[in-house]
Colleague: 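There's a structure below that I have some questions on.
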Amino acid sequence: MTQVRVRFAPSPTGFLHIGGVRTALFNWLYARQQQGVFILRIEDTDQSRSTDESIRAIIEGLQWVGLDWDEGPYRQTERIELYRSHAMKLLDGGQAYWCVCTAEELEARRKEAEAKGLSPRYDGRCRNLDITRPSGEAALRFKAPQTGQTVVDDLIKGKIVFDNAVLDDLIILRSNGYPTYNFSVVVDDALMHVTHVVRGDDHLTNTPRQVPIFQALGFPVPQFGHLPMILGADKARLSKRHGATSVMAYKEMGYLPEAMVNYLVRLGWSYGDQELFARSELIEKFNWKNVQTSAAVFNPDKLLWMNAEYIKASSPETVAQALEPLLKHAGLLNDQDAVPHEWLAQLVILVRERAKTLVEMVEWVKPYFGETVVWDEAAAQKFLTPSTAPMLRKLLERFVSLPGFSKQAWEEQFKRLVEEEGMKMGQLAQPVRVALTGRTASPGLFDVMEVLGRERTLSRLRQSLTRAETASA
RNA sequence: GUCCCCAUCGUCUAGCCUGGCCUAGGACGCCGGCCUUUCAAGCCGGCAACACGGGUUCGAAUCCCGUUGGGGACACCA
């Protein structure tokens with residue numbers, strides 16, 4: 001058995017797209033499962049569109065979702081000589097030829113063909129001209145087979161047959177000396193000994209163009225696998241107008257990388273009825289057989305649900321760690337602040353089942369920072385009034401008389417007061433909730449007190465009591 | 001236009017290969033209820049799909065053909 005070698009080969013022309021992450025993910029999963037090699041290769045032969053910033057964005061994105069590569073990043077622009085020498089080999093072997101048609105001429109002919117309702121393919125004008133030493137600028141074309149069939153046995157789609165008659169002679173070396181995509185991939189995949197080429201569906205029709213190049217160069221043809229596309233709600237290919245498509249945008253929106261990974265893998269792959277998978281489980285259970293053959297619509301609602309599941313199920317320490325930078329960004333935490341990690345974890349436990357994202361969690365957690373209560377005006381006006389003041393005062397007195405803090409003891413005291421005064425729980429709970437958190441919605445009252453601690457609970461009660469007593473009725 | 005891919009609830013999907021176990025299962029969302037000191041979470045229940053038309057067969061979501069629909073490709077982009 002030869003070792004599995006797969007790759008992710010993005011072109012650095014923007015941020016790392018969700019679809020790209022999923023492609024990388026399937027490759028990575030397979031590599032890890034087979035104890036193979038995962039290669040990162042940057043396809044930057046289009047100098048006008050490639051940027052170093054995009055390369056950094058791709059790397060940052062992959063790192064965020066935890067996809068580590070074993071080789072690379074290779075950059076195609078650093079391998080130009082390799083493509084040129086292999087192109088020359090084809091030229092020498094009579095499997096390629098110089099083409100002196102200009103880009104403008106080709107464009108014009110293509111338009112003309114389209115207007116006539118014909119395929120916009122290259123007409124083969126220079127194929128038999130035997131141009132040996134072009135005087136001006138010229139591109140090198142591959143002599144594609146014109147008869148017979150090219151059969152691709154796709155890992156995902158199965159056997160696909162293409163008539164070679166549909167193919168035209170593609171350019172492998174541009175007149176500026178740079179290789180085109182269909183040529184550089186072949187040379188790289190061959191030279192890097194890639195065993196499985198797994199990429200998006202949109203490359204399916206490139207395959208019968210690439211296979212003959214492998215053969216002409218005398219390289220073994222790798223296995224191919226074409227992943228179905230990800231669509232937007234309108235079933236059109238997922239793009240910016242459908243919302244965020246950059247993975248890092250999801251980081252900023254408060255998503256956990258593990259949730260993103262789980263969602264993306266399940267979008268197009270399944271394992272019976274199972275929805276949630278630990279990463280180790282994905283590596284173990286992943287297979288090509290269960291990869292869907294049809295395109296899938298990206299569903300932000302389900303991602304959100306899954307994120308909530310991960311927030312609830314992850315260790316509070318993990319969540320707290322991911323939350324910390326957002327707390328700092330929100331000004332709730334300073335770098336100097338020595339907030340104990342245990343307290344942060346406790347806070348996460350307090351609010352985690354009501355926050356679906358880390359961004360939401362920041363909102364939930366706000367009331368527990370700072371020495372004073374910040375009231376929501378409407379809440380305070382409704383619940384902190386002269387009529388609720390006497391009860392708040394009685395409760396405060398009872399709490400003050402209790403030594404230290406114990407959740408059980410304080411809860412017991414609270415309930416006793418409710419009972420003695422013949423109140424309903426909610427009649428006291430809501431004013432106290434507002435007194436402590438400034439809001440009408442919060443986690444359980446006694447959990448709130450525990451996180452606040454004795455002193456802050458008492459001082460907030462006092463502060464709110466003052467407001468209640470002085471409020472106009 | 002030509003070529004290629006695809007087709008189960010609104011969405012992600014199980015089932016399809018190896019026809020009967022499918023009165024088509026799960027999940028998200030939605031609706032209703034329960035729980036309840038608020039908001040959530042949780043639990044219970046409900047709505048909701050085999051694109052269409054032919055065939056093959058005792059029997060088809062499952063096999064075959066066609067139609068329709070959707071997507072992709074046809075660059076000196078990747």
Side-chain angles (χ1 to χ4, degrees), chain A residues 9-13 43-46 48-50 99 101-103 106-107 110 113-122 137-141 152 154 157-158 160-163 165-168 170-176 178-182 184-185 199-209 226 228-229 231 233 235-237 263 266-276 289-290 292-306 308 312 351-356 364 379 414-415 418 424-430 432-434 437 439-446:
Chain A
S11 55
T13 55
E43 312 221 318
D44 58 350
T45 54
D46 183 355
S48 60
R49 296 200 305 151
S50 301
C99 172
C101 300
T102 65
L106 293 169
E107 177 67 23
R110 208 166 21 242
E114 266 179 58
K116 285 184 191 161
L118 299 170
S119 281
R121 322 160 34 212
Y122 177 61
E137 292 215 324
L140 196 63
R141 282 188 190 270
V152 178
D154 196 274
K157 311 248 183 196
I160 306 163
V161 179
F162 299 88
D163 275 323
V166 206
L167 270 37
D168 60 0
L170 73 234
I171 288 178
I172 57 178
L173 229 48
R174 294 186 261 244
S175 49
N176 67 4
Y178 274 74
T180 54
Y181 164 75
N182 275 310
S184 55
V185 239
R199 75 243 286 202
D201 222 350
D202 47 343
H203 286 292
L204 190 53
T205 50
N206 278 326
T207 311
R209 295 167 147 283
H226 289 91
M229 302 271 86
L231 312 177
K235 306 253 185 175
R237 196 187 185 141
Y263 176 73
R266 267 294 281 106
L267 189 64
W269 176 79
S270 60
Y271 191 80
D273 288 339
Q274 192 172 345
E275 296 285 352
L276 271 11
K289 183 177 171 284
N290 292 343
Q292 200 71 8
T293 51
S294 54
V297 173
F298 182 79
N299 184 348
D301 280 339
K302 188 151 183 179
L303 206 211
L304 187 62
W305 166 79
M306 199 164 272
K312 281 182 282 186
V351 302
R352 66 177 170 186
E353 59 195 27
R354 37 213 111 204
K356 290 183 190 291
W364 274 103
F414 186 102
K415 288 188 169 158
V418 168
K424 280 190 168 176
M425 191 68 179
Q427 285 176 279
L428 186 58
Q430 279 309 81
V432 171
R433 188 182 314 283
V434 176
T437 68
R439 303 177 181 184
T440 52
S442 84
L445 267 189
F446 308 103

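Just so we're on the same page: letters track the sequence lines, and every chain starts at 1.
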Colleague: Check every strand shown and say whether A:Cys101 touches a base, only sugar-phosphate, or nothing at a heavy-atom separation below 4.0 Å.
Modeller: base

Colleague: Using atom P in both nucleotides, what's the gap between B:rA24 and B:rU62 to the nearest angstrom?
Modeller: 15 Å

Colleague: Any N or O donor-acceptor pair linking the side chain of A:Thr205 to the base of B:rC3 at under 3.5 Å?
Modeller: no

Colleague: One thing to verify: whether A:Asp168 and A:Arg141 come together as a salt bridge, which I'm taking to mean a side-chain N less than 4.0 angstrom from a carboxylate O.
Modeller: no

Colleague: Measure from NZ on A:Lys289 to C1' on B:rA14 and round the result to the nearest Å.
Modeller: 11 Å

Colleague: Let me know the distance between CG of A:Leu167 and C1' of B:rC3, rounded to the nearest Å.
Modeller: 10 Å

Colleague: How far does CG of A:Leu276 sit from CD of A:Gln274, to the nearest 0.5 angstrom?
Modeller: 8.0 Å

Colleague: Closest heavy-atom contact between A:Met425 and A:Lys415?
Modeller: CE-CE, 3.9 Å

Colleague: Quick check: any donor-acceptor pair below 3.5 Å linking the side-chain of A:Asp201 to the base of B:rG72?
Modeller: no

Colleague: With P as the reference atom in both, quote the distance from B:rA61 to B:rG55 in angstrom, rounded to an integer.
Modeller: 15 Å

Colleague: Among the nucleotides B:rC3, B:rA78, B:rC76, which one has an atom lying closest to any side-chain atom of A:Phe162?
Modeller: B:rC3

Colleague: What integer number of Å spans the C1' atoms of B:rG29 and B:rU36?
Modeller: 24 Å

Colleague: Look through every strand shown and name the nucleotide pairing with B:rA73 as Watson-Crick or G-U wobble, where both distances are under 3.5 Å.
Modeller: B:rU2

Colleague: Between B:rA78 and A:Asn206, counting only base atoms on the nucleotide and side-chain atoms on the residue, is there a donor-acceptor pair under 3.5 Å?
Modeller: yes

Colleague: Going by heavy atoms in the side chains, are A:Ile160 and A:Thr207 under 4.5 Å from each other?
Modeller: no

Colleague: Hunt down the Watson-Crick or G-U wobble partner of B:rC52, both distances under 3.5 Å, from any strand shown, or write none.
Modeller: B:rG66

Colleague: For B:rU2 versus B:rU67, give the span between their P atoms, rounded off to a whole number of Å.
Modeller: 12 Å

Colleague: Considering non-hydrogen atoms only, spot the tightest contact between A:Pro228 and A:Thr293 and give its length.
Modeller: CB-O, 4.0 Å

Colleague: Using 0.5 Å steps for rounding, measure from the OH atom of A:Tyr181 to the NE2 atom of A:His203.
Modeller: 4.0 Å

Colleague: What integer distance in Å separates A:Asp154:CG from B:rC17:P?
Modeller: 21 Å

Colleague: Provide the distance between the two P atoms, one in B:rC3 and one in B:rC63, to the nearest whole Å.
Modeller: 25 Å

Colleague: Any strand counts, and the cut-off is 3.5 Å on both contacts for Watson-Crick or G-U wobble. Which nucleotide pairs with B:rU23?
Modeller: none

Colleague: Using a cut-off of 4.0 Å on non-hydrogen atoms, how would the nucleic acid contact of A:Arg237 be classed: base, sugar-phosphate, or nothing?
Modeller: sugar-phosphate

Colleague: Could you measure the distance from the CZ atom of A:Arg433 to the CG atom of A:Leu445? Nearest 0.5 Å is fine.
Modeller: 4.5 Å

Colleague: Which distance, rounded to the nearest 0.5 Å, do you find between the CZ of A:Arg110 and the OG of A:Ser119?
Modeller: 12.5 Å

Colleague: A:Leu276 has an atom CG; how far is it from atom P of B:rU13, in whole Å?
Modeller: 16 Å

Colleague: Contact class for A:Arg110 (heavy atom, under 4.0 Å): base, sugar-phosphate, or nothing?
Modeller: sugar-phosphate

Colleague: Say we look at B:rC16 and B:rG25: how far apart would their P atoms be, to the nearest angstrom?
Modeller: 15 Å

Colleague: Using atom P in both nucleotides, what's the gap between B:rG19 and B:rC58 to the nearest angstrom?
Modeller: 15 Å

Colleague: Taking any strand in view, what nucleotide pairs with B:rG10 in a Watson-Crick or G-U wobble way, both distances under 3.5 Å?
Modeller: B:rC28

Colleague: Across the strands shown, which category fits A:Ser270 at heavy-atom distances under 4.0 angstrom: base, sugar-phosphate, nothing?
Modeller: sugar-phosphate

Colleague: Treating primed atoms plus P, OP1 and OP2 as sugar-phosphate and everything else as base, which nucleotides of nucleotides 31-52 of chain B get B, S or - for protein heavy atoms under 4.0 Å?
Modeller: ------BBBBSS----------

Colleague: Provide, to the nearest angstrom, the distance between the OH atom belonging to A:Tyr178 and the C1' atom belonging to B:rC76.
Modeller: 14 Å

Colleague: Just call it for A:Leu204: base, sugar-phosphate, or nothing, with non-hydrogen atoms closer than 4.0 Å on any strand.
Modeller: sugar-phosphate

Colleague: Could you tell me how far B:rA41 sits from B:rC64 if I compare only their P atoms? Round to whole Å.
Modeller: 45 Å

Colleague: Just to be sure I understand the rule, does A:Thr45 reach a base, reach only the sugar-phosphate, or reach nothing, if contact means heavy atoms closer than 4.0 Å?
Modeller: sugar-phosphate

Colleague: Which one is paired to B:rU36, where only Watson-Crick or G-U wobble pairs with both distances under 3.5 angstrom count?
Modeller: none

Colleague: Quick one: what's the B/S/- string for nucleotides 6-12 of chain B, heavy-atom cutoff under 4.0 Å, read 5' to 3'?
Modeller: SS---BB

Colleague: Out of B:rC74, B:rC5, B:rA78, which nucleotide sits closest to the side chain of A:His203?
Modeller: B:rA78

Colleague: Rounded to the nearest Å, what distance is computed from the CD atom of residue A:Glu43 to the C1' atom of nucleotide B:rA78?
Modeller: 7 Å

Colleague: Reckon A:Leu106 touches a base, only the sugar-phosphate, or nothing at all at heavy-atom distances under 4.0 Å?
Modeller: base

Colleague: With a cut-off of 6.0 Å (strictly less than), are more than 12 heavy atoms of other residues, nucleotides or ligands near OH of A:Tyr271?
Modeller: no

Colleague: Report the distance from atom CG of A:Asn182 to atom C1' of B:rC74, rounded to the nearest whole Å.
Modeller: 11 Å

Colleague: Quick one: CG on A:Asn182 to CD1 on A:Ile171, what's the gap to the nearest 0.5 Å?
Modeller: 11.5 Å

Colleague: Find which nucleotide of RNA chain B each of A:Ser119 and A:Ile171 is nearest to by heavy atoms, and output the residue with the more 5' nucleotide.
Modeller: A:Ser119

Colleague: A:Asp301 has a side chain; which of B:rA73, B:rG71, B:rG29 sits nearest to it?
Modeller: B:rG29

Colleague: Which part of the nucleic acid does A:Asp168 contact within heavy-atom distance under 4.0 Å: base, sugar-phosphate only, or nothing?
Modeller: nothing

Colleague: More than 12 heavy atoms of other residues, nucleotides or ligands under 6.0 Å from CD of A:Glu137: is that the case?
Modeller: no

Colleague: Rounded to whole Å, how long is the line connecting atom CE of A:Met306 with atom P of B:rG29?
Modeller: 11 Å

Colleague: Of all the heavy-atom pairs spanning A:Ser442 and A:Thr437, show the shortest one and how long it is.
Modeller: CB-CG2, 4.0 Å

Colleague: Side chains of A:Tyr263 and A:Trp305: does their closest heavy-atom pair fall under 4.5 Å?
Modeller: no

